[in-house]
Amino acid sequence: MTNISQNIKNLKDELPVDVTLVAVSKFHPVEALQEAYNEGQRIFGESRAQELVGKAKSLPKDIEWHFIGPLQTNKVKDIAPYISMIQSIDSEKLLKEVEKQAMRHERIIRVLLEIHIAREEAKHGFSADECKAILKNKNLDSMKHIQICGLMGMATNTDDMKQVEEEFHGLHNLFEELKDIEFKDHSSFTILSMGMSHDYREAVKEGTTMVRVGTNIFGEREY
Ligand SMILES: *Cc1c(COP(=O)(O)O)cnc(C)c1O
């Protein structure tokens, strides 16, 4: 067995059954993704539009492609036919563009709202208040081609795992609050995407439902 299939197998054995594994395959060649696919992996995460489109065209059609990186508005039209979920919605403008392009392709695109939980300024995402304001916006009801399925967040890149846990804990609280209030009539709001290679164990402890793991599956990325 190769490393990639062994890594997938180990992760699946370790993760609770109700935690979904997104294999973050950005910068890795299609052969690597095919190996993970052969091990049963069907959800892959990419962070560049062109790369995602190229891979989607050459790999099996039953793969679910998730976009996880910063997304420019003008790139949405490129990924719209292929994308299953956009996890990195960080502005209302982007949300509107996804609605527009999903409508053009007569499909529904699932999205997560990215929440800024890290102490690092450079990270993207809404504050809790901004997120609540968006959800109160009446325009949202008219967006029939997007489905808001939950929240995504990235913790601070630090070895202080106590801080990481606190950040995940805060995100989980926001998720539960929104689920009970804003989304009480929407059964689709079920995904809390948090945890990467170095902090997925902390995320599991804090109630994640979806982890995004790259390095621990495919090895280091070459930029
Ligand atoms: C690259 C990336 C990951 C995966 O990171 P690893 O440390 O390689 O597991 C997860 N989430 C997002 C948003 C990313 O950009």
Side-chain angles (χ1 to χ4, degrees), residues 3-12 14-15 19-29 32-33 35-36 39 41-52 55 63-72 75-76 79 83-91 94 98 109-126 131 149-161 163-165 167-168 170-172 174-175 191-223:
N3 279 344
I4 292 173
S5 25
Q6 189 62 57
N7 293 343
I8 293 268
K9 226 176 149 319
N10 292 347
L11 266 166
K12 285 193 176 156
E14 180 185 349
L15 291 170
V19 173
T20 304
L21 173 63
V22 177
V24 176
S25 47
K26 59 190 185 194
F27 302 101
H28 292 286
L33 283 75
E35 275 191 61
E39 192 55 48
Q41 183 63 29
R42 290 295 179 273
I43 309 180
F44 291 87
E46 290 284 334
S47 62
R48 289 189 304 187
Q50 239 187 333
E51 186 178 344
L52 184 146
K55 287 174 174 172
I63 288 179
E64 255 189 50
W65 296 98
H66 287 210
F67 200 91
I68 60 168
L71 179 57
Q72 286 172 288
K75 295 286 165 62
V76 176
I79 63 170
I83 202 76
S84 167
M85 177 177 278
I86 299 174
Q87 297 205 6
S88 43
I89 298 290
D90 60 359
S91 74
L94 184 57
V98 175
I109 296 178
R110 298 182 299 151
V111 301
L112 302 181
L113 302 176
E114 182 171 356
I115 308 296
H116 188 281
I117 55 171
R119 292 201 190 151
E120 297 144 310
E121 278 300 317
K123 294 251 158 76
H124 294 252
F126 298 110
C131 177
C149 295
L151 304 180
M152 185 269 258
M154 280 169 97
T156 305
N157 187 8
T158 172
D159 291 332
D160 180 354
M161 295 329 254
Q163 184 188 335
V164 168
E165 280 180 24
E167 291 172 359
F168 285 155
L171 185 58
H172 191 187
L174 177 65
F175 174 69
I191 300 178
L192 177 57
S193 172
M194 56 185 201
M196 324 185 355
S197 289
H198 84 284
D199 59 13
Y200 71 87
R201 290 188 177 90
E202 285 72 22
V204 167
K205 246 193 266 178
E206 295 298 337
T208 187
T209 74
M210 180 175 274
V211 293
R212 310 174 308 271
V213 179
T215 310
N216 281 17
I217 295 171
F218 298 107
E220 295 292 332
R221 287 178 288 273
E222 287 175 33
Y223 289 89

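When a ligand or atom number is given, it counts from 1 through the structure's own listing order.
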For Ile117 and Met154, the nearest pair of non-hydrogen atoms, with its separation, is CG1-O, 3.2 Å
Between Asn216 and ligand 1, does any nitrogen or oxygen pair lie at a separation below 3.5 Å?
-> no
Does an N or O from Ile68, backbone or side chain, lie closer than 3.5 Å to an N or O of ligand 1?
-> no
Would Met210 and Met152 satisfy side-chain contact (heavy atoms from CB on, under 4.5 Å), going step by step from the backbone distance to the final call?
-> CA-CA 9 Å; Met210 180 175 274; Met152 185 269 258; over 6 Å; no
Which atoms from ligand 1 have a heavy atom of [X] less than 4.0 Å away?
X: Val213; answer: 9 (O)
X: Thr215; answer: 6 (P), 7 (O), 8 (O), 9 (O)
X: Gly214; answer: 4 (C), 6 (P), 8 (O), 9 (O)

So, Asp199 side chain and Met196 main chain: donor-acceptor pair closer than 3.5 Å or not?
-> yes
For Lys55, enumerate each residue passing the salt bridge (charged side-chain N to carboxylate O under 4.0 Å, His left out) test, keeping only those at least two apart in sequence or located in another chain.
-> Glu46, Glu51
Counting heavy atoms only, which of Arg212, Glu114, Gln87, Lys26 is nearest atom 11 (N) of ligand 1?
-> Arg212
Are any of the heavy atoms in His198 under 4.0 Å away from ligand 1?
-> no
Checking side chain to side chain donor-acceptor pair (under 3.5 Å) for the pair Ser193/Gln87: CA distance, chi angles, key distance, verdict?
-> CA-CA 8 Å; Ser193 172; Gln87 297 205 6; 2.8 Å; yes
Name all residues meeting the side-chain contact (heavy atoms from CB on, under 4.5 Å) criterion together with Ser91; count only those two or more places apart in sequence or in a different chain, and write none if there are none.
-> Lys93, Leu94
